[in-house]
Amino acid sequence: MSETSTYKDKYEMVIGLEVHAQLKTNSKIFGREGCEFGKDPNTETGTITLGLPGVLPVLNKECVNMGILTGLALHSTIPSRCKFDRKQYFYPDLPKGYQISQYDEPICLGGWVQISNKKIGITRAHLEEDAGKLVHAGAAGLYGSSYSLVDLNRAGTPLLEIVSEPDMRSPEEAREYVETLRNILRYIGVCDGNLEEGSMRADANISIRPIGQKEFGTRAEIKNVNSFRSLVRALEYEFIRQAEILEEGGEVIQETRLWDDNAGITSSMRGKEDAHDYRYFPEPDLMPLEISKEWIEEIRSKMPELPDEKMERYQKAGLSEYDASVIVNQIEMAKYFDELLKTNVDAKTASNFLMGEVAAFLKEEKISIENSKLTVENFAKLLGLLKKGTISNNIAKSLVIDILKTGKDAQELVEEKGLSVISDESSILPIVQKIVNDNPEQVAAYKGGKDKLFGFFVGQAMKETKGRANPQLLNKLLKQELEK
Ligand code: ADP
Ligand code: MG
């Protein structure tokens, strides 16, 4: 296959994404069965999930609350009425033979997500139930060479499908959109955004068109992308595949394609159904849902700070845009940082430590900040000692590692190890004098114009004091002695 770049001057990608976010509820969308991830197969099931005859769905209010909250965070309109519809299809992992979804009256309409260079439009978001999972066992079994098992734990799990406008023009934009959306969903607490576990899944629609052409080309929908990296790779692959078809005078057909992460290719899974193939009709077992203004306002009043707002606040506190984004993009780190800011530490210094020594340690030990031994109080104490000038920056850097390892109190560590800065002249002067006396050659060279040697003297003095000499005072005394 060719390089993406071969066709980039000629064709443009048009990308629209359907993101399925699994809502973080305790129970399923239409019944009381639990929906925790990782349980033994078929233990999170019951009459509703199994679709036994005569049972009736009851809508889980929490799903509606989360749908509204998401809509508000995405600048959508929440219509005063929405309804549920049956989408018919036969799958072994969907015992009822239909999925309860929303079709023409979804819970959220319109909206947008801001990425760095533009707004990506949101078409709509609707509530629906997930299907179960087929486990393809592969090995020889009862019926010959291979067989499949059905696990219905996931069936009936609440999903919010968020459909974007075809507003993205590159895999990078698609990636940024999903990352931003994921962050928002995590911040508002409706979805844990775990692509690998499948609690967030993206289907990527992509078509291409000759640059300058207004009309969109025919799209393919790519399923099974379960990481940011595979999203980018799948889109790049698909761009080239479609470009080659057009170059050869062929036509792209509308279909669903499956991404194979190992092979790095997409392959046709099925022709794309049109809506009429699903025989949508209003779900007779559920009343249309009316959502009052009061309900919406109640949910709005619970809206937590969103990533964009946090970014702005951090930048006002003195962080660069980059630093702010690194912290905002890690929700646990951001929570921790917020607690830290409440203790009146210097924001910039705190973020330097967090993104430097602390992040490196956490990565190495594969732990998260909230599970580390560095409590907010102790970290604030350490930064306080640095601010007061009791300890130097380098010592603070090594102490933060000590605390991460042992959880010891910052103040006690400083006392125990005798690490406080030496700021009295009577202690530093003799050291400086000794260094000047012991290094006559360097002193002569320095006096002869080799200014750079000043650093050598500073180094010697720091070595002697184990980094504890007050730098300003040391500089002053050194200059004074060298000029004698
Ligand atoms: P379906 O259920 O048939 O997949 P949806 O309306 O749920 O239809 O989703 C269609 C998705 O495809 C949307 O994200 C939309 O932005 C995107 N899309 C529509 N037309 C095109 C196109 N020509 N090229 C790329 N993406 C498209
Ligand atoms: Mg769809």
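First listed ligand is number 1; within each ligand, the first listed atom is number 1. It should be emphasised that the depicted structure is a prediction, and the values quoted were computed from it without experimental measurement.
- For ligand 1, the polar-atom distance check against Thr218 finds no nitrogen or oxygen pair separated by under 3.5 Å.
- Interface of Leu17 with ligand 1, defined as ligand atoms under 4.0 Å from a residue heavy atom, comprises 14 (O).
- Look at Asp93 and Arg154 and you find no salt bridge, because none of the NZ, NE, NH1 or NH2 atoms lies under 4.0 Å from a carboxylate O.
- Side chains of Thr45 and Asn42: no donor on one and acceptor on the other come within 3.5 Å.
- A salt bridge does not link Arg201 to Asp203: none of the charged nitrogens lies less than 4.0 Å from a carboxylate oxygen.
- In summary, the aromatic rings of Tyr103 and Tyr278 are positioned with their centroids too far apart to meet the 6.0 Å limit.
- A salt bridge between Arg175 and Glu172 is absent, with no side-chain N of the basic residue lying under 4.0 Å from a carboxylate O of the acidic one.
- Residue Ile206 places no N or O, backbone or side chain, under 3.5 Å from any N or O of ligand 1.
- Using a cutoff of 4.0 Å between basic side-chain nitrogens and carboxylate oxygens, Lys28 and Asp130 are not scored as salt-bridged.
- When the heavy-atom distances from atom 6 (O) of ligand 1 to Arg124, Glu161, Glu165, Glu18 are ranked, the shortest goes to Arg124.
- If you number the atoms of ligand 1 from 1 as listed, the ones under 4.0 Å from a heavy atom of Val14 come out as 24 (N), 25 (C).
- Considering backbone and side-chain atoms together, Gly217 places an N or O closer than 3.5 Å to an N or O of ligand 1.
- With sequence neighbours left out, the side chain to side chain donor-acceptor pair (under 3.5 Å) criterion links Asn329 to Asn183.
- Distances from atom 19 (C) of ligand 1 to the heavy atoms of Gln254, Glu215, Arg219 put Arg219 nearest.
- Ligand-side atoms of ligand 1 in range of Val163: 9 (O), 13 (C), 14 (O), range being under 4.0 angstrom from any heavy atom.
- For ligand 1, the atoms closer than 4.0 angstrom to any heavy atom of Ser207 are 22 (C), 23 (N), 24 (N), 25 (C).
- Every atom of ligand 1 is numbered from 1 in the order shown, and the set under 4.0 Å from a heavy atom of Ser164 is 13 (C), 14 (O), 15 (C), 16 (O).
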